[in-house]
Amino acid sequence: MIRAFWIALFMALPFATMAQCAAHAGQDTIVCNNWMYTPQIVLGGIPAATGGTPPYSYAWSAEHSYTVGSNTYYFTASDFLNDTTLSNPTLVDPFDEIYYKLTVTDALGAQCQDSVFVRMANLGTHLGYISATILAGDSFQFFFGSNVSGDYEPFTYVWHPNESLSDSTSLTAWAFPTEYTAYSLTGTDSYGCTATASPLYFINVMPVSVSDVSLPAGGAMVRPVPFVAGGELVLDLPALPGTRFRLIRADGCLARDEPVTGTVHPIPRGDLAVGIYMWSLTSSTGAIGRGRLVVE
């Protein structure tokens, strides 16, 4: 009789009550934080629990510590979630990299658990900037690096505006603005999180005056600026005997020292590395001209 009673009771129970309780904390996720706006993330699956015997109760837990100097600070799920008893709480104050554990208890007291990992991709910017002035037709090479940073490298970059740049994705791009331009940078980390900083380079373009175009008597100029395959030195008057052209690298070493004749002296690229050089033209009577040469 007793055995028949339990068999009848088993057959009468709904199938759902016999299934094992299963908790669903949701998918592991990345939170992109640029310190100005952090998106709100909802934890938990839809639904957050299945099986067992409804209704369910939910309890979210997490443990995290952070040490600054000799002080250690401890945090729990209530520091990060709007309500630790909801099936789908909102992550209102994310922090660092934390596992959040969901414990589900069904109507019969059976429990099941699941966890979700939330990773913070913190992106930061700074307000440092570089100002420079160039003559119309001249160029400027970026050198300061980036004012966007984050935890998860490698980073990729893009400059704005980019129409006047040799490479809009390079931190050492050459800029060829025709008017005053402020260049800002957007950085993207390895998880696809992005941040855009305030302008890093402010380039002012000065118009070329008549005296810049027309060489003074006995003067000289190098063109084009910059050059890739080569350029030429142009003199206003034929070179005097003993006239020499010298090219100095940025480290102060002599790159070229050549005699000059006539009014046009070729400057082949040769072994000149990419960079900025200073040139000078002298004769037996003294200095004739000097300037900057940019090689790309």
Side-chain angles (χ1 to χ4, degrees), residues 23-48 60-68 73 75-84 86-102 113-130 141-175 177 181-203:
H24 309 289
Q27 297 292 323
D28 293 349
T29 188
I30 301 294
V31 180
C32 299
N33 179 21
N34 63 11
W35 301 108
M36 298 184 65
Y37 170 74
T38 301
Q40 291 190 340
I41 304 298
V42 176
L43 302 185
I46 305 297
W60 289 87
S61 60
E63 294 182 359
H64 186 73
S65 62
Y66 188 70
T67 300
V68 180
Y73 303 90
F75 303 91
T76 64
S78 60
D79 294 308
F80 310 115
L81 304 178
N82 64 330
D83 191 333
T84 60
L86 296 177
S87 60
N88 299 103
T90 300
L91 186 62
V92 295
D93 192 11
F95 185 82
D96 211 1
E97 302 175 346
I98 301 177
Y99 279 98
Y100 294 88
K101 183 171 67 175
L102 170 63
Q113 294 181 334
D114 190 24
S115 62
V116 61
F117 182 59
V118 179
R119 185 191 303 270
M120 286 292 295
N122 295 315
L123 300 173
T125 64
H126 68 73
L127 300 178
Y129 65 91
I130 300 294
Q141 186 177 24
F142 296 164
F143 67 93
F144 193 69
S146 167
N147 58 349
V148 180
S149 60
D151 299 326
Y152 301 107
E153 297 181 341
F155 262 69
T156 57
Y157 303 95
V158 61
W159 291 99
H160 314 279
N162 54 32
E163 297 81 5
S164 56
L165 298 178
S166 61
D167 184 349
S168 63
T169 64
S170 172
L171 295 181
T172 56
W174 283 93
T181 305
Y183 295 95
S184 59
L185 188 65
T186 295
T188 303
D189 71 8
S190 57
Y191 288 106
C193 298
T194 65
T196 299
S198 58
L200 181 59
Y201 292 98
F202 295 85
I203 310 299

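Scanning for salt bridge (Lys or Arg N to Asp or Glu O under 4.0 Å) contacts around E97 gives R119, with sequence neighbours left out. For Y183, the ring-ring contact (aromatic ring centres under 6.0 Å, His included) partners two or more places apart in sequence, or in a different chain, are F142. Listed by chain and residue number, nothing satisfies the side chain to side chain contact (heavy atoms under 4.5 Å, CB included) test with E63 (two or more places apart in sequence, or in another chain). Qualifying side-chain hydrogen bond (donor to acceptor under 3.5 Å, both in side chains) partners for T186, counting only residues two or more places apart in sequence or in other chains: H160, T196. Applying the side-chain hydrogen bond (donor to acceptor under 3.5 Å, both in side chains) test to T67 and every residue at least two apart in sequence or in another chain returns T72. Under the rule for a side chain to side chain contact (heavy atoms under 4.5 Å, CB included), the partners of Y129 that lie at least two apart in sequence or sit in another chain are S131, F202.
Residues C193 and I30 form a side-chain contact, since some pair of their non-hydrogen atoms from C-beta on lies under 4.5 Å apart. You'll find the side chain of F144 stays beyond 4.5 Å of the side chain of L171, heavy atoms only. A heavy-atom distance below 4.5 Å is not found between the side chains of I130 and I203. Taking the side chain as every heavy atom from C-beta outward, S198 and T125 never approach each other to under 4.5 Å.
Distance alone, capped at 3.5 Å, places no donor-acceptor pair between the Y157 side chain and the S168 backbone. Remark: side-chain polar atoms of D28 are paired, donor with acceptor, to backbone N or O of F117 under 3.5 angstrom.
Taking CH2 from W159 and CG from L165, the interatomic distance works out to 8.0 Å, rounded to the nearest 0.5 Å. Considering CG of L86 and CG of L102, their distance stands at 11.0 Å, rounded to 0.5 Å.
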_F155 and L123: CA distance, side-chain angles, deciding distance, side-chain contact (heavy atoms from CB on, under 4.5 Å) verdict_ = CA-CA 11 Å; F155 262 69; L123 300 173; 3.5 Å; yes

